[in-house]
Amino acid sequence: MKNERLASQKPWILRHTTTLVTLVAVVCYVGFIQWVWGWAQIVGIWRTAGLGIASTALLLLLMTYVLRTWRIYDYFPRETKGSFRRLFRVVQVHNLLNVMLPFRSGELSFPLLMKQEFGVSITRASAALLVMRLFDLHALFAAAGFGLALEHRNLWLWLLWALFAFSPAIAFALKEGLLRQARKISHPKLQHMMAELEQGLPANTSSFIRAWGVTLVNWFVKIAVMAWVLVLLANIGLAAGFGGGLGGELSSVLPLHAPGGIGTYPAGITAGALAFGAERSESALAELGQAAINAHLLIILSSVIGAGLSMLVAGRSKTPR
């Protein structure tokens, strides 16, 4: 109560800093696009490509949100049993906040939502989120490494890639030894925290394989969709489309993420596409820039639609006491 009272006494601008920063970024982004290309030209690209393509891409992106929900559903089977729809809402709200808030600050919502909706402790939910984010980063970097190894066809690069590709399995194999050392900590509070952290790790080999496998499938689908969209909209090769999809997603999972991914996501797409062989002429860059903005708008739209659908299907919240 005291903290709430102190927070309410802060100046309005300090209490709404994140919202104001996001709104300013959105207005600047909208104005910049109108000044450089014009929104009519940006949106017109979809009319050329066809609404069927946009609808298919949106549907596939929404499927990745279902995969993410199942990953958490399987990760917390006892707490979430019979509550897939409520968990879908948690995942979608968390995803939307991650998309819209700067510097990955939306991640903070996941432990809070899991505690509110399913009674999972903050420490355990945070540990699980950390593991899942490591899975996500590994999948993206492994995909980038695969592309580089394929391009350069160097034996040492392939060996390094293989070592990195299987590093999660190596880390999981070493888990028990590391935990045994951690259990030797004598301080009661630290022991309790370590126990909570341990519960946030995959319980056994099969749960580890399922979480890892679903992560790989999820990112394969999402990057494939983004590559497909970029190939169609920017008239680039498949390798450049793959690099663009990968670059955009890497920009979204790293701490440099701007509010709503505004600027950073299209920049990531452009950088990734160029790194994988996209043309660098002025006209090609202009076309790629427009396609990158449309791909980013598709991501935002899928997040908003996903959050809206989750609210419709979730049913009544059963907040643990």
Does any donor atom in the side chain of Asn204 or Ser207 lie under 3.5 Å from an acceptor atom in the other side chain? yes
Using 0.5 Å steps for rounding, measure from the CG atom of Leu58 to the CD1 atom of Ile305. 5.0 Å
Over all atoms of both residues, closest heavy-atom pair of Ser251 and Gly248: OG-O, 2.6 Å
Closest non-hydrogen atom pair, Met226 against Gly245: CB-CA, 3.8 Å
Angle class for the [X]/[Y] ring planes (parallel below 30°, perpendicular above 60°, tilted otherwise)?
X: Phe276; Y: Phe242; answer: perpendicular
X: Phe110; Y: His94; answer: tilted
X: Phe84; Y: Tyr73; answer: perpendicular

For Thr80, which of Asp74, Thr69, Val90, Leu87 qualifies under side chain to side chain contact (heavy atoms under 4.5 Å, CB included)? Leu87
Members besides Trp161 in its Ile/Leu/Val/Met/Phe/Trp/Tyr cluster (side-chain heavy atoms under 4.5 Å): Phe146, Leu150, Trp158
Mind checking whether Leu112 and Val120 sit in one hydrophobic cluster, side chains of I, L, V, M, F, W, Y counted as touching below 4.5 Å? no
Glu79 side chain near Met114 side chain, heavy-atom distance below 4.5 Å: no
Applying side chain to side chain donor-acceptor pair (under 3.5 Å) as the test, list every pair that has at least one member in residues 129-142; sequence neighbours left out. Arg71-Asp136, Glu107-Arg133, Arg133-Asp136, Asp136-Trp219
Applying side-chain contact (heavy atoms from CB on, under 4.5 Å), run through Leu233 and Ile53 and close with a yes or a no. CA-CA 10 Å; Leu233 298 186; Ile53 290 173; over 6 Å; no
Could you walk me through whether Phe118 and Phe76 pass the side-chain contact (heavy atoms from CB on, under 4.5 Å) check? CA-CA 9 Å; Phe118 300 104; Phe76 297 102; over 6 Å; no
Strictly distance-based, threshold 3.5 Å: is any side-chain N or O of Arg68 a donor or acceptor partner for the main-chain N or O of Val91? no
